[in-house]
Amino acid sequence: IPPLDADAQSLLLRQLAGDWETVEGHHLQRTFHFPDFISALQYVNDLGAIAEEEGHHPDLHLSWGKVKVEIWTHKIDGLTESDFILAAKADVLFSEG
């Protein structure tokens, strides 16, 4: 399937909670903030388990008190609807933590 066009990306982006952004129409990106390192690490582990279960592997950048998540479909080197679904799951996981 081809990557989503800018209009489709914009429509789906508006449906996400939080501070997600599309970067050059290529990937989704958001930074989540935590009170400490261990909370951020737990989030990475939990989101990693969800991603592995779905066979969808975001780039996760862990540092003290924050996790930057980058999502795109590697096979097409762009965004699909499933990328936005994973982003929504990342939001739910964050809100539950």
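As the structure is a computational prediction, the values presented were derived from the model and not from experiment.
- Of all heavy-atom pairs spanning Ala17 and Asp91, the tightest one is O-OD2, 3.0 Å.
- Closest approach of Leu16 and Ala87 over heavy atoms only: CD1-CB, 3.9 Å.
- For CD of Glu81, the number of neighbouring non-hydrogen atoms (other residues, nucleotides, ligands) closer than 6.0 Å is 12 at most.
- Relative ring orientation between Tyr43 and Phe94 is described as perpendicular, the plane-to-plane angle rising above 60° on a 0-90° scale split at 30° and 60°.
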Next item on the list: Go through Thr31 and His33 one step at a time and tell me if the side chain to side chain contact (heavy atoms under 4.5 Å, CB included) criterion holds.
Entry: CA-CA 7 Å; Thr31 300; His33 296 278; 3.8 Å; yes

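- When the side chains of ILVMFWY residues are joined at heavy-atom separations under 4.5 Å, either directly or via intervening members, Ile1 and Phe84 end up in two distinct hydrophobic clusters.
- With hydrogens and angles left out, the side-chain atoms of Asp83 and His56 include a donor and acceptor closer than 3.5 Å.
- Of the possible donor and acceptor atoms, one in the side chain of Gln9 sits under 3.5 Å from a partner among the backbone N and O of Leu4.
- Taken together through direct or relayed side-chain contacts under 4.5 Å among Ile, Leu, Val, Met, Phe, Trp and Tyr, Trp72 and Val23 form parts of separate hydrophobic clusters.
- To the nearest 0.5 Å, atom OG1 of residue Thr22 and atom NE2 of residue His27 are 9.0 Å apart.
- In this structure, CG on Asp46 lies 9.5 Å from CD on Glu96, to the nearest 0.5 angstrom.
- With hydrophobic clusters built from ILVMFWY side chains whose heavy atoms lie under 4.5 angstrom apart, Val69 does not share a cluster with Ile85.
- Considering NE2 of His57 and CG of Leu86, their distance stands at 10.0 Å, rounded to 0.5 Å.
- Residues His61 and Lys66 fail the side-chain proximity criterion, which asks for heavy atoms closer than 4.5 Å.
- Atom CG in Leu62 sits 13.0 Å away from atom NZ in Lys68 (nearest 0.5 Å).
- Between Trp20 and Phe32, the two ring planes are perpendicular [angle over 60°; tilted spans 30° to 60°].
- Residue Ser63 comes nearest to Ala40 through the heavy atom pair O-CB, 4.1 Å, listed as atom of the first residue, atom of the second, then distance.
- In terms of heavy atoms, Leu79 sits closest to Gly25 at CD1-O, 4.1 Å.
- Here the straight-line distance linking atom CG of Leu41 with atom CG of Leu60 works out to 11.0 Å at 0.5 Å rounding.
- When all heavy atoms are compared, the tightest approach of Arg30 to Asp19 is NE-N, 3.6 Å.
- Residues Pro3 and Thr80 are not in side-chain contact: their nearest non-hydrogen atoms beyond the backbone lie 4.5 Å or more apart.
- Under a 3.5 Å cut-off, the side chain of Ser39 and the backbone N or O of Asp36 do not form any donor-acceptor pair.
- For the pair Ile76/Pro2, no side-chain contact is recorded, criterion being any heavy-atom separation below 4.5 Å from C-beta on.
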